[in-house]
Number of protein chains: 2
Amino acid sequence: MVVDKVAQRRELKIASIVEAAWGLARERGIQLVSLHALAKEVGMRQPSLYAYFDSKNALYDAMFAHGNRELVARLSSLDLPDDPRAALKAFMQAFAAFAVEDPARNSLLFRRVIPGFEPSAESYAVAVDALSRAGAVMNAAGITDPGDVDCLVAMVAGLIEAQLSNEPGGTRWTQHLDRMVDLLADDAHERTSR
Amino acid sequence: MVVDKVAQRRELKIASIVEAAWGLARERGIQLVSLHALAKEVGMRQPSLYAYFDSKNALYDAMFAHGNRELVARLSSLDLPDDPRAALKAFMQAFAAFAVEDPARNSLLFRRVIPGFEPSAESYAVAVDALSRAGAVMNAAGITDPGDVDCLVAMVAGLIEAQLSNEPGGTRWTQHLDRMVDLLADDAHERTSR
DNA sequence: GACTCTTGCCTATTACTGATAGGAATGTCA
DNA sequence: TGACATTCCTATCAGTAATAGGCAAGAGTC
């Protein structure tokens, strides 16, 4: 493993480029990240970036994976309450807060705004990891029917979308989240106990 | 009004260009509509389009208004049942069907995928017209609290998003829509009657 | 220490994007 | 017929992602 010294330096370089790319994305929007601006940011010329990424979509893929690793880390570090319903609420609040706090990241991870971009299998696996955690918390709270899961996911996604497109300081979306969890969990409980 | 003959011909030309632009958008996605391809489609060179639209965003604005007029027409032509709850369900079903049947149109009208594009005041007014109809139907069904309205809108938007990003033939999203209307309307009724 | 040889970055160039400048032709109206 | 506005053109520019090919610095081997 002596050869890895050069490989490791390369990995660090790639990480710093992805970091700079996220900085640009936060400044000007994820769609407006240009390789020229990114190269300037990291002290290179635009074509030199192709030594690290085969295409612009490959850069987006690295950013996608990076963002999803952040999400997994955030969800893993949660200290959820014992009550399953309360845990689900806290989990969804954390998820929504993660999405709302960085619109550029939200666009790349959860909306499909880059025309040709499809995450690679490896990057997609990281995203699936995050989503499976959400599934576990929902199941624990009694939301097991696939239709119910879909509904709750749609509800949360819709609220996040609304929060991001509305003027700041709008409706109390954190309360809405809790209400939606209650509505669906109550309904699911009622249906299964009958 | 004799001078209008030329103006009317111009309006027809603009309409045909917008029509062709929507055709391209359906083929390759709303973000990938290029003025060069559009000009070729209508038998012009790319710079000639600037005789009709000041910028590409002006073209998007005309497309936005056109799409919203389609939406208003669709919603106006609905023959809703008398029962307010059933009417709300039918209305939401029609709205969702409109959104799902044309992903490109959905992207321009309801998602924000064109970086610099903000609809003009006139075009926005058409969109507000459509949304106000939705508000009226919701109010009639007993969903009057602004928070409830926001929640229902978020639910429907989330389901549309899920339907569009999922593999075709997935979950029964039309049933989900009815269930969400019931859930929220029942809850609203329960709260106001107590 | 001199030899390859890979890696990292460069300049130059291509095709395509939206946008502007300016000219030629067409048709309208006084 | 003459003035004018409309319509479309060619030519051009700056910015985008992407490719080709070259140059130099560092690593490993003899």
Side-chain angles (χ1 to χ4, degrees), chain A residues 1-21 24-25 27-64 104 108 113-118 120, chain B residues 1-18 20-21 24-25 27-64 104 107-108 113-118 120:
Chain A
M1 297 283 190
V2 198
V3 197
D4 278 10
K5 201 168 64 177
V6 54
Q8 185 182 356
R9 206 173 50 195
R10 183 185 171 83
E11 286 304 314
L12 280 176
K13 189 91 191 181
I14 288 181
S16 78
I17 294 176
V18 169
E19 201 76 37
L24 279 179
E27 281 176 23
R28 48 174 79 180
I30 187 69
Q31 297 118 318
L32 298 182
V33 172
S34 86
L35 296 183
H36 183 88
L38 175 57
K40 188 176 178 183
E41 202 74 21
V42 299
M44 294 182 188
R45 304 300 171 111
Q46 172 249 336
S48 303
L49 289 173
Y50 283 81
Y52 301 98
F53 303 97
D54 288 344
S55 67
K56 195 185 182 185
N57 276 355
L59 168 68
Y60 278 133
D61 192 58
M63 296 173 74
F64 180 86
L108 184 61
V113 294
I114 311 292
F117 171 64
E118 206 74 28
S120 66
Chain B
M1 294 283 189
V2 198
V3 199
D4 278 9
K5 201 169 64 177
V6 53
Q8 185 182 356
R9 207 173 47 195
R10 184 186 171 84
E11 285 304 315
L12 280 176
K13 189 92 192 179
I14 288 182
S16 77
I17 294 176
V18 169
L24 280 178
E27 281 177 22
R28 48 173 80 182
I30 187 69
Q31 297 119 318
L32 297 183
V33 172
S34 86
L35 297 183
H36 183 87
L38 175 58
K40 188 175 179 183
E41 203 73 22
V42 298
M44 295 183 188
R45 303 301 170 110
Q46 172 249 338
S48 304
L49 289 173
Y50 283 83
Y52 301 98
F53 303 98
D54 288 344
S55 66
K56 195 184 182 186
N57 277 354
L59 168 67
Y60 277 133
D61 192 58
M63 296 174 75
F64 179 86
S107 288
L108 183 62
V113 294
I114 312 291
F117 171 63
E118 206 75 29
S120 67

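Residue numbers start from 1 in every chain, and the chains themselves are labelled A, B, ... in the order their sequence lines are given, proteins ahead of strands. Everything quoted here is computed from the prediction, not taken from an experiment.
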- Item | Distance test, side-chain N/O of A:Arg10 to OP1/OP2 of C:dG8, below 4.0 Å | yes
What is the separation between atom [atom1] on [X] and atom [atom2] on [N], rounded to the nearest whole Å?
X: B:Lys40; N: C:dT17; atom1: NZ; atom2: C1'; value: 16 Å
X: A:Tyr50; N: D:dT19; atom1: OH; atom2: P; value: 6 Å
X: A:Leu49; N: C:dC10; atom1: CG; atom2: P; value: 9 Å
X: A:Leu12; N: C:dG8; atom1: CG; atom2: P; value: 12 Å
X: A:Met44; N: C:dG8; atom1: CE; atom2: P; value: 9 Å

For the side chain of [X], counting heavy atoms from C-beta on, which of [options] is nearest?
X: A:Lys13; options: D:dA18, C:dC9, D:dC8; result: C:dC9
X: B:Ser55; options: D:dA18, C:dC10, C:dA19; result: C:dA19
X: A:Tyr52; options: C:dG18, D:dA17, C:dG8; result: C:dG8

Could you list the donor-acceptor pairs under 3.5 angstrom formed between side-chain atoms of residues 30-46 of chain A and any protein atom two or more places apart in sequence or on another chain?
residue	atom	partner	partner atom	Å
A:Gln31	NE2	B:Val113	O	3.1
A:Ser34	OG	A:Ala37	N	3.0

All N/O contacts under 3.5 Å from nucleotides 12-16 of chain D to the protein, with atom names and distances to one decimal?
residue	atom	partner	partner atom	Å
D:dT16	OP1	A:Ser34	OG	3.4

- Query: So, do B:Lys56 and B:Phe117 sit near enough that their side-chain heavy atoms are less than 4.5 Å apart?
  - Reply: no
- Message: Restricting to non-hydrogen atoms, name the atom on A:Phe53 and the atom on A:Ile14 that form the minimum distance, rounded to 0.1 Å.
- Response: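 Taking A:Phe53 first and A:Ile14 second, the nearest heavy atoms are CZ-CG2, 3.9 Å.
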